[in-house]
Amino acid sequence: MTVAVVRFGGSNCDRDAERALDRLGIDAEIVWHEDGLPADTTGIVVPGGFSYGDYLRAGAMAAHSPIMAAVREAAADGVPVLGICNGAQIGCESGLTPGAFTTNESARFQCEHVHLRVERADTPWTAAYEEGEVIELPIAHGEGRYELDDGRLTELEIEDRILFRYCDADGALTPEANPNGSKHNVAGVLGERETVAVLMPHPERATLSELGTTDGRGVLRAFAGAAES
Amino acid sequence: MTAYTATVTVRLKRGVLDPEAETTARALERLGFAIEALRSADRFEIDLEAADADEARERTEEMADRLLANPTIHEYDVEVAER
């Protein structure tokens, strides 16, 4: 059981993800995108960073790399896939998940801690939380504003595929608590299967108490659950 | 085969927020220019050879669909000219 952390040129949260998983007792290894997925891959993290220098659009280039075709196949087979930050942008660009993450409303890079409301607790990514629970994770992105046309977003909401929304400390979905202008405060969504998820905040940066919050552990523990079942 | 230049203009769909354009518009206003609105777009000029203009357009539209534009947020148009 090994979680493959896919490294592109410009990935910079790959080591954080590998170490965070390692600390949780989950075997993980960094995989260079040109080498393809190892045969024993039991989970996949597409980590944060600036793959291909964010040329064209964040995630656009990496989304068309051969390894992402393999990631999509694995996802269709039920292998858990988590896209974090740039990995979320790649996930949406590659069609793994619906919507797009684009320029923040502020037009600036934002690096801060945010509160998130857990919209569903019955997914592998959120089994550690209660529905409606407020957790705290860091964000660090310039293109994190979730966009999707109103009709499709309503469909997603009806399908219950919103995983996390930006909220205030009490769980209220206010405009002030929305750091980047995301539609309906969406911070993370599910793919067609519950085993595929993307989010802009960084759970892998919130696993050590020295760093202020350990709320990210629960998200990453999905990979332990997947390996056991 | 004929040499063409295909020009692809990719812009945000109406209704999709464009923070960079808004920031640019505000900067122009600070410089004293009176404007009503500003929209930004990306323009790609692609030199290619094709049997005719229709084929050049078809191939260019495929490039736009697959990479240059993101259909979730963008619309695009293609112009083809002999080079």
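Numbered from 1 within each chain, the chains take letters A, B, ... in sequence-line order.
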Problem - Residue A:Arg108 versus chain B: region with a heavy atom under 4.5 Å - result: neither
Handout entry: Exam field: side chain B:Arg66 to backbone A:His64, donor-acceptor pair closer than 3.5 Å
Key = no
Handout entry: Contact class of B:Ala69 relative to chain A, heavy atoms under 4.5 angstrom
Key = backbone
Exercise for the section: Tell me, yes or no, whether the heavy-atom count around A:Glu157 atom CD, taken from other residues, nucleotides or ligands under 6.0 Å, exceeds 12. Expected result: yes
Handout entry: Gap between atom CZ of A:Arg57 and atom CG of B:Leu67 - 0.5 Å precision
Key = 6.5 Å
Practice task
With a 4.5 angstrom heavy-atom cut-off, could you sort out which part of A:Asp150 is near chain B: side chain, backbone, both or neither?
Solution key: neither
Practice task
Please report the closest heavy-atom contact between B:Ile73 and A:Glu147, naming both atoms and the distance.
Solution key: CG2-CB, 3.7 Å
Exercise for the section: Before giving the answer on side chain to side chain contact (heavy atoms under 4.5 Å, CB included), spell out for B:Thr72 and A:Phe101 the whole-Å C-alpha distance, their side-chain angles and the decisive distance to 0.1 Å. Expected result: CA-CA 10 Å; B:Thr72 303; A:Phe101 292 102; over 6 Å; no
Handout entry: A:Arg15 atom CZ: more than 12 heavy-atom contacts under 6.0 Å
Key = no
Practice task
Answer yes or no: are there more than 12 heavy-atom neighbours, outside B:Glu20 itself, under 6.0 Å from its atom CD?
Solution key: no
Practice task
Check whether more than 12 heavy atoms from other residues, nucleotides or ligands sit under 6.0 Å from atom CD of A:Glu159, and answer yes or no.
Solution key: yes
Exercise for the section: Rounded to the nearest 0.5 Å, what's the gap from CG on B:Leu17 to CG on A:Asn180? Could you check? Expected result: 11.0 Å
Handout entry: Heavy atoms from other residues, nucleotides or ligands near CZ of A:Phe109 exceed 12 (cutoff 6.0 Å)
Key = yes
Practice task
Answer yes or no: are there more than 12 heavy-atom neighbours, outside B:Glu49 itself, under 6.0 Å from its atom CD?
Solution key: yes
Fill in the blank from the handout: Bottom line for A:Thr102: the part with an atom under 4.5 Å from chain B's heavy atoms is side chain
